[in-house]
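A short worksheet on the structure shown next.
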Amino acid sequence: MLDTPVTTRRRHLPSRLAPTVEAVSHQPDGDYGFRLDKGARTKVTGDAWAQARRVFAGTWRYDASDPQPRVNFLTTRYTDPDGQVRTVRTAQQGLVTFARGGRRNLVMAQTGNRCDWTLTARGNTARLEPAVQTCRTALGTTTLTFWTIASDGGHQASVMAGVDERGGNFVLSVGGLTKQ
């Protein structure tokens, strides 16, 4: 997995509002500052799956890629046979379909390459479970080592990392999807 730590610069809590978080995401092609004006988590109460079903189920499309804030750009790092490391950025596109899994809080996700992934959902967030999953495609094997999603039922924020079919380590640090 790519080494992409985040350094928090400042966190302050205005009265009666969610905290504001300012941080730097350290990416392979540079450092990028960001600000979360409502950087708070919400507590899940009651039937967590009922809430998750409302905010995840259905088909979602990746929003148009935007290079300025780096939205929906997959950054992949390959090591060539001569040891040289090259970084490639590609637009993340396509559809992801989410459906209820076998257990109460499981969400099944099928990506555009027809890979099926399992996530655990609680309220408006979901994460890859188990933490490492693989999928065989015609091009080879894709491995996900991290995938976390937050959704409001109409839009999703997604962060994902893993290894692609050609052995490149990838990260989608700012993913945005819209429900179809």
Side-chain angles (χ1 to χ4, degrees), residues 1-9 21-36 39 56 58-99 101 106-121 124-151 155-180:
M1 186 167 91
L2 291 174
D3 183 19
T4 57
V6 173
T7 303
T8 303
R9 287 189 282 187
V21 177
E22 293 181 18
V24 176
S25 177
H26 306 287
Q27 299 296 313
D29 57 345
D31 292 344
Y32 302 97
F34 64 93
R35 177 184 170 120
L36 300 173
F56 288 106
T59 299
W60 298 74
R61 179 179 304 280
Y62 280 96
D63 299 332
S65 299
D66 187 345
Q68 186 63 25
R70 304 230 185 300
V71 172
N72 289 334
F73 274 98
L74 196 67
T75 303
T76 308
R77 185 168 48 190
Y78 297 98
T79 303
D80 293 333
D82 64 0
Q84 287 281 58
V85 175
R86 65 190 159 88
T87 301
V88 178
R89 284 188 355 158
T90 54
Q92 183 74 359
Q93 302 173 14
L95 300 173
V96 181
T97 301
F98 293 90
L106 286 185
V107 174
M108 302 303 294
Q110 186 175 72
T111 50
N113 58 358
R114 296 187 180 227
C115 287
D116 293 319
W117 310 101
T118 305
L119 299 100
T120 299
N124 70 335
T125 61
R127 71 175 184 185
L128 196 63
E129 181 67 39
V132 176
Q133 297 179 33
T134 59
C135 173
R136 293 194 187 277
T137 69
L139 299 174
T141 300
T142 297
T143 301
L144 284 185
T145 56
F146 183 86
W147 190 8
T148 297
I149 306 164
S151 176
H155 294 89
Q156 286 185 5
S158 180
V159 178
M160 152 187 317
V163 181
D164 72 9
E165 296 92 343
R166 295 173 300 189
N169 294 310
F170 68 83
V171 64
L172 175 69
S173 59
V174 184
L177 298 92
T178 301
K179 193 168 194 175
Q180 300 300 290

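Computed from a predicted model, the values in this text were never measured in an experiment. Along the sequence shown, residues are numbered consecutively beginning with 1. What's counted below: heavy atoms across the whole structure, side chains too, no hydrogens, waters or symmetry copies.
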Open item on the list: Is the shortest side-chain heavy-atom distance between Thr87 and Thr75 below 4.5 Å?
Closed with: yes
Task: Heavy-atom closest contact (Leu139 atom, Glu165 atom, distance) - done: O-CB, 3.6 Å
Open item on the list: Testing the basics here: between Val71 and Gly176, what is the closest heavy-atom pair and its distance to 0.1 Å?
Closed with: CG1-N, 4.4 Å
- [ ] State, to 0.1 Å, how close Asn72 and Asp63 come at their nearest heavy-atom pair, and which atoms those are.
- [x] ND2-O, 2.9 Å
- [ ] Please step through side-chain hydrogen bond (donor to acceptor under 3.5 Å, both in side chains) for the pair Asp164 and Tyr78, ending with a clear verdict.
- [x] CA-CA 10 Å; Asp164 72 9; Tyr78 297 98; 2.5 Å; yes
Open item on the list: Just verifying a value: how many Å separate Phe170 CZ and Leu172 CG, rounded to the nearest 0.5 Å?
Closed with: 8.5 Å
TODO: Could you grab the distance from atom NZ of Lys179 to atom OG of Ser151, nearest 0.5 Å is fine?
DONE: 7.5 Å
Task: Any donor-acceptor pair under 3.5 Å from Asn124 side chain to Ala150 backbone - done: no
Open item on the list: Set out, in order, the CA-CA distance, both residues' side-chain angles and the distance that settles side-chain contact (heavy atoms from CB on, under 4.5 Å) for Val132 and Thr143, then state yes or no.
Closed with: CA-CA 7 Å; Val132 176; Thr143 301; 3.8 Å; yes
Task: Shortest non-hydrogen contact between Leu128 and Trp117, atoms and distance - done: CD1-CB, 4.4 Å
Task: Pairwise side-chain contact, Ile149 with Leu119, heavy-atom cut-off 4.5 Å (strictly under) - done: yes
- [ ] Might you point out which heavy atoms bring Thr111 and Trp147 nearest each other, and give the distance in Å?
- [x] CG2-CH2, 4.2 Å
Open item on the list: If only side-chain N and O atoms count, and only distance matters, is there a donor-acceptor pair under 3.5 Å linking Trp60 with Thr97?
Closed with: no
Open item on the list: Using every non-hydrogen atom in the two residues, find where Phe98 and Val107 come nearest and quote the distance to one decimal.
Closed with: CD2-CG1, 3.5 Å
Task: Sequence-distant partners of Thr118, side chain to side chain contact (heavy atoms under 4.5 Å, CB included), two or more places apart - done: Leu106, Met108, Gln133
Open item on the list: Between Tyr62 and Val96, is the side-chain contact (heavy atoms from CB on, under 4.5 Å) condition met? List the steps.
Closed with: CA-CA 8 Å; Tyr62 280 96; Val96 181; 3.7 Å; yes
Open item on the list: With rounding to the nearest 0.5 angstrom, report the CG to CD distance, Leu74 to Gln93.
Closed with: 11.0 Å
- [ ] To the nearest 0.5 Å, tell me how far Arg86 CZ sits from Gln84 CD.
- [x] 10.5 Å
Task: Any side-chain donor near an acceptor of the partner, Asn113 and Thr137, under 3.5 Å - done: no
Task: Donor-acceptor pair, side chain of Thr145 and main chain of Ala161, under 3.5 angstrom - done: yes
- [ ] With side-chain hydrogen bond (donor to acceptor under 3.5 Å, both in side chains) as the test, would you mind laying out the steps for Thr178 and Arg61 before giving the verdict?
- [x] CA-CA 5 Å; Thr178 301; Arg61 179 179 304 280; over 6 Å; no
